[in-house]
Amino acid sequence: MGRRFDNILGTVGHTPVVRINRLAPPGIELFVKLESFNPMGSVKDRLALGVIEDAERRGQLKPGQTVIEATSGNTGIGLAMVCAQKGYPLVVTMAENFSVERRRMMRFLGARVVLTPAAEKGSGMLAKAVELAARHGWFLCRQFENEANAEFHSRTTAVEIVEDFADVGLDCWVTGFGTGGTLKGVARVLREQSPATRIVVCEPDNSPLLGSGLRQSRAADGAPAASHPSFRPHLMQGWTPDFISGLTEEAVNEGLIDEVVPVSGDEALRLSRELACREGIFCGITAGATLAGGLQLARRSPPGTRILCMLPDTGERYLSTPLFADIETEMTAQELEISRSTPGYRFDRPSSAPPAPAAPAVAATPGAEAFLTELLSDPDRPVVMFALEWCEFCWSLRKLFARLALDYHSVDLDSARFQRNSEGTAIRAALSDRTGCVTIPQVFIGGDFVGGCTEVFDEFGSGRLQQRLQDAGVAFDSSVSVDPYSLLPAWLHPRS
Ligand code: PMP
């Protein structure tokens, strides 16, 4: 594959296969396929591209038409990339209990995310997507039944695996299932082109949809009629929804599964961490879960057995989930001990850093004075903030003003515009001559100096700020209630 691409979509697939060295039992050749190398960091980039291009080919998706899908996140993120690149608006429905990183990423890529109640599980978000698609004439991806999902895996993932093991052969291929696209699409090609490869499917041990042998009830149109009786909520986001999807059921019916392996949530989390700490491979929870299944298999396999596990996504998507629950934000006892082992740069001592060089003294200029006088008496700009672009205190004030829907004029003293001829520095000097205050931000309402971040926060708390705004005839949302100090970044809160 060349390394120069016409657009981002050309980088989907061709993910690397990497040997597991320290976690593999002796004598077993254990490999993982890292789907985190896809552009948006998960296996679902394949599905997104496959489904959208298939719909384009069939004429089911028209230029500019809105795309909609129900997704636990990775599909939505993949679709958001594909739709952004191709210019389709995207709406995603997602149960509220999936990690917030995912929602924010989709929105960052321009998608809209409609949340559904956690209690209504995967089938709730699916039903919402169907409802919205029907009402608005949007293109519904139907990842759980769409053959284009499996087909893309047959054309890409499966071919990559067959090629990567063509010289040595592959004894076992291990995967989980969400939509079942990876499972069905890869397994059918392996059956044909690598018939000696055993196909092993993992699922959560507390939610054994396949292991139970119970059938999925379906409505006349084939859609799941109700949650599968064996479904229980589990830790492996992206695996085993509360129903057996059409694609998964087809894989079962076509005899593509040789063995089902149950995996516990604890093992999944543990192995995700072990992969990171001991192999340097940073992956999500279902990756740890698939490796857990692969290791179960490895322990009962003869020496020389060659096993490949699918690792579906990157670990960065799980910062707010149980995967990172034990990962500290503050320094641990051990880290504090390292800090104390040398004298400098410690929190428990006065600063040992040399004082910062004083800012070059620039005096207020007549131009700067005139600028202030004019701005602070401008009736069209009753609220003025003097700010610095990078300053966290200024950002916290901006957040408060945004909450209040308050229109204000910001003079960013360090912006490129005010850097010319040291104009910003001269204005800052004129400002401190006027207010006696040397720090930034500084806020004025109706020409009156209110103060900096703390003063504005405190006046908001006492109601004085709201009174000033009313007196100056400034519109704002007076119903907002927020502790303004919560808008500061955590590192600026007083240390306890
Ligand atoms: N792991 C994660 C993290 C996922 O997001 C998904 C897809 N929902 C899967 C595994 C399963 O992949 P597939 O849908 O192809 O079965």
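We number each residue from 1, following the sequence as shown. Counting starts at 1 for both ligands and their atoms, in listed order.
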| atom 16 (O) of ligand 1: nearest protein contact (heavy atom, Å) | G178 N, 2.6 Å

| said: Once you restrict to heavy atoms under 4.0 Å, what part of Q143 touches ligand 1? Side chain, backbone, both or neither. | reply: neither

| query | Is the shortest heavy-atom distance from the side chain of R403 to the side chain of L487 under 4.5 Å? | reply | yes

| query | Are side-chain N/O atoms of K128 and T93 paired as donor and acceptor at under 3.5 Å? | reply | no

| request: Please work out which of the three classes, parallel, tilted or perpendicular, describes the rings of H234 and F231, given edges at 30° and 60°. | output: perpendicular

| N/O of G180 under 3.5 Å from N/O of ligand 1, yes or no? | yes

| request: May I ask you to check if ligand 1 and Q237 share an N or O to N or O distance below 3.5 Å? | output: no

| Is there any N or O on F177 that sits under 3.5 Å from an N or O of ligand 1? | no

| task | Check whether any side-chain heavy atom of M94 lies under 4.5 Å from a side-chain heavy atom of T116, and answer yes or no. | result | no

| request: Say whether W239, considering both its backbone and side-chain N or O atoms, lies within less than 3.5 Å of an N or O atom on ligand 1. | output: no

| Would R102 and S42 count as having a side-chain donor-acceptor pair, cut-off 3.5 Å? | no

| Matching residue for L30 among L291, V18, L23 - test: side chain to side chain contact (heavy atoms under 4.5 Å, CB included) | L291

| task | Look at atom 8 (N) of ligand 1 and say which protein heavy atom is nearest, naming residue and atom and giving the distance to 0.1 Å. | result | K44 NZ, 2.7 Å

| remark: So for T286 against ligand 1, with non-hydrogen atoms under 4.0 Å, the contacting part is side chain

| said: If I apply the N/O under 3.5 Å rule, does T182 come out as touching ligand 1? | reply: yes

| query | Is there a heavy atom in L183 that sits closer than 4.0 Å to ligand 1? | reply | no

